[in-house]
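The structure appears right after this line, and notes come after that.
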Amino acid sequence: MKEKKVILVVCGSGIATSTAAAQEIKKKLAEHGIYVEIRQTNVFALPTIDLKDVSLIASTCRLENNYSIPVVNVVPLLTGINEDKVIEEIIKKLL
Amino acid sequence: MNINEIFNTLGSPIVLPVFIFIFALFLRVKPAKAFRSALMIGIALLLINVLVGFFTNQITPSVNDMVSNSNIHLPFIDVGWGAAAAIAFASKVGLMVIPFTIVVNLIALALRLTDTLNIDVWNYWHYAFAGALAAAFTGSIWLGFLAALIEILFSLFLADWMQPSAAKYYGYEGISFTTISSVEYIPYAIAVNWLLDKIGIGKIHLEPKVLKERLQFFGEPAFIGLVIGLAIGLIAYRHSLNTFQSWVTILSDGIGTAAFVQIFPHIPALLMEGLVPISDSLKETLSKRKSTRTLYLGMDTALCVGEASTLTSALVLIPISVLLMVVLPYNKFLWIADLTSFPWFIALMTPITQGNILKNVIIGASYLVIGDLIITKLTPLFTQAAISAGTKLPSGAVGICAGSEGISYFHWLIYHAVANPFTIVLVFLVYAICIWALKHHRNAMYRATGYVANSSDAGNQ
């Protein structure tokens, strides 16, 4: 079996909204049979993080789009509106 | 032993999980999940108490020496907002704030007092914190709930008022922001912004990119902690720098403060993990109630924090607030842990100033001149509440408070207001005027928050 892909979940604090989003991503992807490793961080620390083994950034705040890997805004996972569309986007960009 | 004594002896890390478990089962969360939620919350509360205890034990002797050996009279220690969350959940209002907030919100929606459905369960604890302060101040749990009620209503009003401007600026359709530590500064920001425009400061623009890169290191909590810890130690023992013992203390203060500031914000993540199943279950129940109205979903201003102007303004405020705390003669509060919480303080000022960093910083800094006075007055009550929530303070500790919660004029005004029937009536009168103003002068009110309607949708208003 291949190694799990890593998703980096980013929010303002790296705590509240990213924890909620991280749990949602884990749950929804597992429903699609995809198991990922989740890491969490905040926007302050993001520039200092090594993105080498990260496959995707899932953010609950707006990020300037100058990263080498795909960035998905996951606010819909918190509101529950258009949740499935975001999950589809994550799966598409992850694979 | 009566029931209160039993609860106090067991402590909130044991009592609260039991309530969480029952509450989660009541919301039809599966037992295994409910149990895990309860356990996580218990662990978080215990760790908050342990870490605050560790940190105050480490830093108190040096802070006391600093106060008696130098001109820096800052004996009240900033332990960060996690401690306020622990006080909120351990208080008599406590967990009940969750069903209470939802019921108040649904009634306010039915009465057309608001268009916001606040689904940010995580931040309900702010309302419980206002309630905890009011209950500690007046001795009445009912007045505690009244304080929470007032804060809920005003946060919904402010969220509605700010909605078009914030949604447009940050690009979040259908979302409003309800976080107390952000919305309460909207009126102040509007007033100062207007004043700054009058005197022409609004024309000066600072470029966020350059500033942000230069100030990035302030964004690292561990670094801030290390510098402040070392500074406290150095000032306290500056006359005995030739002894080994002094250096042991100075360096321990540095690493101890860095450790605390770095790790402490991660503890409430456990609280959050525990609350997620409860919040999910509530969200499902609430979203099933189909409504013909367009509702805004109330969310955490954490969604705004990454934006360049907000982030940069918050970074600039860190050294300014350190300077202010030393210079302001009435201030006794030593900012440490919550220096990193300024993005929430700034988040809703940014749409009002249209991303003008200089204006944001002037609004923020001028507010801190008032905020430092409020927090100095609040600290004794906060310290007392923290002790009854289970925090063990070392002997000689003068006072602890949380920077971001302590500067809140909302909490301060509300817990004083509920103590007197006359001011209670006054508060509801102010609320009625706010609601009236938003209903009858909608466009002018929106413009004040920085909202500019597109010509295409101006006709619909």
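Proteins get letters first, then strands, A, B, ... in listed order; numbering begins at 1 in each. We use all heavy atoms of the structure for the numbers below, so side chains are in, but hydrogens, waters and symmetry mates are not. Predicted, not measured: the structure shown is a model, and the values here were computed from it.
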Let me confirm one number: the OG1-CG distance from Thr79(A) to Asp120(B), rounded to the nearest 0.5 Å. 12.0 Å
To check you understand the geometry: which heavy-atom pair defines the closest contact between Val305(B) and Val43(A), and what is its length? CG1-CG2, 4.1 Å
Should we count CD of Glu173(B) as having more than 12 external heavy atoms under 6.0 Å? no
Proximity breakdown for Asp280(B) and chain A, heavy-atom pairs closer than 4.5 Å: side chain
Does Phe129(B) have any ring-ring contact (aromatic ring centres under 6.0 Å, His included) partners at least two apart in sequence or in another chain, and if so, which? Phe382(B), His411(B)
For Ala302(B) and Cys61(A), which heavy atoms make the closest approach, and how far apart are they? O-CB, 3.9 Å
Rounded to the nearest 0.5 angstrom, the OG1-CH2 distance for Thr17(A) and Trp122(B) is 10.5 Å
Go through the steps to decide whether Leu78(A) and Leu303(B) satisfy the test side chain to side chain contact (heavy atoms under 4.5 Å, CB included), and finish with yes or no. CA-CA 10 Å; Leu78(A) 305 172; Leu303(B) 307 187; 3.8 Å; yes
Is the number of heavy atoms from other residues, nucleotides or ligands within 6.0 Å of NZ (Lys93(A)) greater than 12? yes
Side chain / backbone / both / neither for Ile175(B) at chain A, heavy atoms under 4.5 Å: side chain
Tell me every residue that passes side-chain hydrogen bond (donor to acceptor under 3.5 Å, both in side chains) with Trp335(B), counting only those two or more places apart in sequence or in another chain. Asp372(B)
Contact origin within Ile119(B) toward chain A - heavy atom pairs under 4.5 Å: side chain
Smallest heavy-atom separation, Tyr172(B) atom then Thr60(A) atom, equals OH-O, 3.4 Å
